[in-house]
Amino acid sequence: MGSLIFYLRKLIKIFRSEVLVLPSRVAVMLFFLFIILFPIIFPDPYYYRVIVLASIFAILAASWDLLSGFTGQMNFGHALFFGVGAYTSAMLNLNLKIPPIASIPLGAVAAVMAGLIIGIPCLRLRGTYLALTTLSFPIILVGMIFAFPGFTGGELGVSGLSRLADSYIGNYYIVTITMLVLVTVMWKITDSNIGIILHAVREDEIAVRTSGVNTTRYKLLAFSLSGFFAGISGGLYAHYMRVAGPSTLEVNTSFLVVIYAIFGGIATIYGPVGAVFVLIPLLEFLRFLEHVRIPDQILSIMPDLLGKFLVKFVEILPNTRMFIFAFFILMILLFMPDGLLPWLRDKVETQCPRCKVRNISRRQTCRICTADLH
Amino acid sequence: MSLNFLEVKDLDKGFGGLKAINNASFNVRRDEIVGLIGPNGAGKTTLLRMILGILKSDSGTIHFKGKKINGKKTWDIINLGIAGTFQNMRPFRHLPIIANVMVACLCPRAMKRGEWVKRIEAKAMDALEFAGISDMAREKASTLSQGDLKRLEVARAVATEPELLLLDEPFGGLSPAETDLMANSIKRLHKGGRFGRLHSEGPAMIIVEHKLKQLMKIVDRIIVLNYGEIIADGAPEEVAKNKKVIESYLGKGDK
């Protein structure tokens, strides 16, 4: 009993000295708690759906960041991995009756294959050329899907898949826990020695080669890792929506991912995840514009012309949803060029000039080396 | 074997109409420091880049330890035991200085030869200490001055534990005092041994340099290039008296 209390105290001490000292770590902890406790706070299937879709796109955005943010291989066709993952797991599930627990990883493996197939010819390309080439691959695949409607369902896609779980809560937890685990894994990868090499490849590839590192191998590794995670998110999407359609391969999807990643802060992993959890709920929140009505009492006391104008204005209001969304993103990028989350992080934390450890900006001295912070 | 450590034979390289390297042949022994000098545009950097495999030669062969290395990928050549620095420094500017060196420590050669060394960061730190910039290890590489970038290049090359080191203007941008320091550390490196966790093979070296005075002090042999051709090859004193060399550097006198 005594030893139990001893270890418990030690654990609390570690928790206080490692987690509670930095706002960013507290934020990550709160995010985890929020995701896990969400069904208790808001027991509403509509809210579940928002968070589940956000989780799926968080995996996708983080996987784009792993490839393009870290390695600098601008991939504007990330929807390819998403679509291949979705279609493969959908077809395996529908035709061979493979349950989601196996079909999603198999879909991810197919996405890895797609990543290698694209990665090998694209290795020699850089910058805009790579971006344009990768952009074309999902479009080609959409064309192929329309060309074989008997097999792929054409424009309607593959529908009638089995559910992830039978209940809303089950769906919610399967997707969100997968998201938390995969994002942590991705963050860990970028935090390791592999992450350093990927980052170095982005800076100067020739210099990495003259350091004796096989850059081709690492770039392909980045392509396949990113494809794997994006494929899982595609499989989750297909099984959650119970349909895998050509919309998963749209150019729109590719660019949304890029927008999420740049909005949240490139080459950070946590940035894109945070961005998705800001932007998707925002987009859903803006749906309230559809329900805006002007009460008749107000209209009756208004001049005729102004009243007509107001009615017209309210009518077009729902269509401004995407406009407001885009305006919000542009403003954020104008004032926070590094992205939202790194900006916030720099506001609340300062780096010690001596030992480079991050501290809460309230502190006067560094928590490790006691050097003056300001 | 000692004669065939690095063997360059009939090497040719042209950029369009310009012949950068013309029929160059020379050998480097295992225990030598060779200075490579010549006027600007003589092809010194091109020669080093071809040995490193960044540029492909048009014809001719390069043998390292009896193996043909031209046509191989750069990383394979590095892992055979050659390392090089760049004349215009190419650090990873957004990474901390220590991470710059850790990339080199992560190459298969350094990992395999790590013996009991498993801590890559500690080893990178020792390479920085050898180059003399360990106090700034956590700073971003973009904050370094020209001279310190040179040292970072050297640290990065040394971290792969090479047997043949190609230094492209290691004294460029250094003050006289710093030049002496760098010359000393190059000599120390050539003797071999351990620098903390870092192991030095006592590499043979090819040094491209314009500061001839300092270069003469550390090299055993000098090769002079002019317009892609080797015009002299011998001990420093001989080369310094060679008429062709003086002509190529100072131009022809009237009489």
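Because the structure is a prediction, the values reported are computed rather than measured. In what follows, every chain begins at residue 1, and chains take the letters A, B, ... in the order their sequences are listed.
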>> With heavy-atom distances below 4.5 Å as the criterion, would you say the side chains of A:Ile196 and B:Phe92 are in contact?
In response: no
>> Which atoms of B:Ala99 are under 4.5 Å from chain A, going by heavy atoms: the side chain, the backbone, both sets, or neither?
In response: both
> Just how far is it from atom CG of B:Asn100 to atom NE2 of A:His199, taken to the nearest 0.5 Å?
Replying inline: 11.0 Å
> Shortest non-hydrogen contact from A:Ser211 to B:Ile78?
Replying inline: C-CG2, 3.9 Å
> In this structure, are over 12 heavy atoms from other groups packed under 6.0 Å from B:Lys211 atom NZ?
Replying inline: yes
> Distance from B:Asp76 atom CG to A:Asn214 atom CG, nearest 0.5 Å?
Replying inline: 7.0 Å
>> Can you confirm whether B:His94 is buried at NE2, in the sense that more than 12 heavy atoms of other residues, nucleotides or ligands lie under 6.0 Å from that atom?
In response: no
> Is chain A contacted by the side chain of B:Glu139, its backbone, both, or neither, given a heavy-atom distance below 4.5 Å?
Replying inline: both
> Are the side chains of B:Trp75 and A:Val208 in touch, meaning some heavy atoms are under 4.5 Å apart?
Replying inline: no
> Measuring heavy-atom distances to chain A, does B:Arg156 have an atom under 4.5 Å in its side chain, in its backbone, in both, or in neither?
Replying inline: side chain
>> If you count heavy atoms of other groups shown closer than 6.0 angstrom to CZ of A:Arg217, is the number above 12?
In response: no
>> Tell me whether the count of non-hydrogen atoms from other residues, nucleotides or ligands lying under 6.0 Å of CZ in B:Phe15 goes above 12.
In response: yes
> Among B:Ala137, B:Cys107, B:Pro162, B:Ala159, who wins on heavy-atom pairs under 4.5 Å with chain A?
Replying inline: B:Cys107
>> Test your reading of the model: is there a side-chain donor-acceptor pair from A:Glu203 to the backbone of B:Leu95, 3.5 Å cut-off?
In response: no
> Should we count CE of B:Met136 as having more than 12 external heavy atoms under 6.0 Å?
Replying inline: yes
>> Distance check, rounded to the nearest 0.5 Å: A:Arg209 atom CZ versus B:Leu52 atom CG?
In response: 12.5 Å
> If you measure from CD1 on A:Ile206 to OG1 on B:Thr74, what distance do you get to the nearest 0.5 Å?
Replying inline: 7.0 Å
>> With chain A as the partner, which of B:Lys73, B:Arg93, B:Glu153 has the greatest number of non-hydrogen pairs under 4.5 Å?
In response: B:Arg93
